[in-house]
Amino acid sequence: MKNKGFWLSFEAIVSMTLLGILLSSPLQESIPGLENLHIFKKESDLLLLWTKEPALELKKMEADFELAFPEKSGEIYFDNKKIKIGEPTKTTISSKVIFFRQMQKHELRIVVFKNDFS
């Protein structure tokens with residue numbers, strides 16, 4: 001009979017210890033969203049679209065950026081040319097592609113500035 005009481009006490013101690021560990025673990029401060037992944041996917045789609053065009057026009061690239069990212073600012077780099085759209089912020093998401101057209105290397109990069117609400 002004494003043995004049964006020992007196991008119940010041991011089980012209670014283990015349960016209380018596990019409960020203490022769970023309660024002392026840090027809580028997640030904010031719920032992670034998919035906004036960064038969504039922006040990265042849009043950037044990748046724009047880069048893919050632009051690399052398939054026979055001739056890249058900077059004005060059309062700027063219009064495509066503003067269509068894909070309304071209310072956001074950013075920069076587009078194409079072969080040492082830079083298009084600045086809006087004002088920069090601290091938080092950025094960037095994508096880059098290097099491709100060859102007629103044996104010439106081209107580099108294309110998009111930087112999207114996220115809105116800072118602080």
Side-chain angles (χ1 to χ4, degrees):
M1 289 297 215
K2 292 181 182 183
N3 197 10
K4 194 180 243 186
F6 171 76
W7 287 113
L8 288 176
S9 298
F10 181 71
E11 182 184 1
I13 290 171
V14 170
S15 298
M16 293 301 282
T17 305
L18 288 175
L19 180 65
I21 290 171
L22 286 175
L23 291 176
S24 66
S25 65
L27 297 176
Q28 192 171 6
E29 292 181 14
S30 64
I31 299 171
L34 297 176
E35 181 185 4
N36 292 348
L37 181 62
H38 186 66
I39 291 172
F40 183 71
K41 176 65 176 151
K42 282 184 178 182
E43 286 178 343
S44 298
D45 290 343
L46 275 178
L47 291 173
L48 183 63
L49 177 73
W50 290 339
T51 56
K52 289 186 177 188
E53 289 186 14
L56 293 173
E57 298 174 12
L58 297 178
K59 291 293 181 187
K60 185 176 182 313
M61 292 169 69
E62 184 175 354
D64 289 344
F65 181 91
E66 290 173 352
L67 180 66
F69 300 105
E71 306 283 329
K72 293 205 183 291
S73 57
E75 295 175 346
I76 302 170
Y77 297 90
F78 178 62
D79 290 340
N80 299 324
K81 297 174 190 166
K82 177 180 174 182
I83 302 171
K84 185 176 178 183
I85 304 164
E87 293 298 318
T89 59
K90 291 181 181 178
T91 309
T92 63
I93 299 174
S94 179
S95 297
K96 175 178 154 180
V97 66
I98 297 173
F99 63 100
F100 292 87
R101 189 174 286 161
Q102 297 176 351
M103 299 302 290
Q104 291 183 350
K105 179 182 172 184
H106 299 281
E107 184 175 324
L108 185 57
R109 183 166 51 121
I110 301 175
V111 178
V112 176
F113 297 114
K114 291 180 64 178
N115 297 336
D116 288 336
F117 296 109
S118 53

Answer with yes or no whether the hydrophobic clustering places [X] together with [Y]; edges join I, L, V, M, F, W, Y residues whose side-chain heavy atoms lie under 4.5 Å apart.
{"X": "Leu46", "Y": "Val111", "value": "no"}
{"X": "Tyr77", "Y": "Phe40", "value": "no"}
{"X": "Leu47", "Y": "Phe99", "value": "yes"}

Distance from [X] atom [atom1] to [Y] atom [atom2], nearest 0.5 Å?
{"X": "Glu11", "Y": "Met16", "atom1": "CD", "atom2": "CE", "result": "12.5 Å"}
{"X": "Asp64", "Y": "Glu57", "atom1": "CG", "atom2": "CD", "result": "10.0 Å"}
{"X": "Ile93", "Y": "Lys42", "atom1": "CD1", "atom2": "NZ", "result": "11.0 Å"}
{"X": "Trp50", "Y": "Phe65", "atom1": "CH2", "atom2": "CZ", "result": "7.5 Å"}
{"X": "Ser44", "Y": "Ile39", "atom1": "OG", "atom2": "CD1", "result": "12.0 Å"}
{"X": "Phe69", "Y": "His38", "atom1": "CZ", "atom2": "NE2", "result": "8.0 Å"}

| task | Using a 4.5 Å cut-off on heavy atoms from C-beta on, say whether the side chain of Glu87 contacts that of Phe113. | result |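 In short, these two side chains do not touch, never coming nearer than 4.5 Å.
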| task | Quick one: list whatever passes side-chain hydrogen bond (donor to acceptor under 3.5 Å, both in side chains) with Asp79, sequence neighbours left out. | result | His106
| field | Heavy-atom donor-acceptor pair, Arg101 side chain to Thr51 backbone, under 3.5 Å | value |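 Pair found, side chain donor or acceptor close to backbone of Thr51.
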| task | Write down the atom of Thr17, the atom of Ile13, and the distance for their closest heavy-atom approach. | result |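 Heavy-atom minimum between the residues: OG1-O, 2.7 Å.
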| field | Of Ile85, Leu108, Leu49, Ile110, the residue whose pairing with Met61 passes side chain to side chain contact (heavy atoms under 4.5 Å, CB included) | value |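 It is Leu108, the one option of Ile85, Leu108, Leu49, Ile110 that forms the side chain to side chain contact (heavy atoms under 4.5 Å, CB included) with Met61.
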| said: Determine whether Leu48 and Lys52 satisfy the following criterion, side-chain contact (heavy atoms from CB on, under 4.5 Å), listing intermediate values before the conclusion. | reply: CA-CA 6 Å; Leu48 183 63; Lys52 289 186 177 188; 3.8 Å; yes
| task | Please determine if Lys72 and Glu43 form a salt bridge, counting it only when a charged side-chain N lies under 4.0 Å from a carboxylate O. | result |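 No, Lys72 and Glu43 are not salt-bridged.
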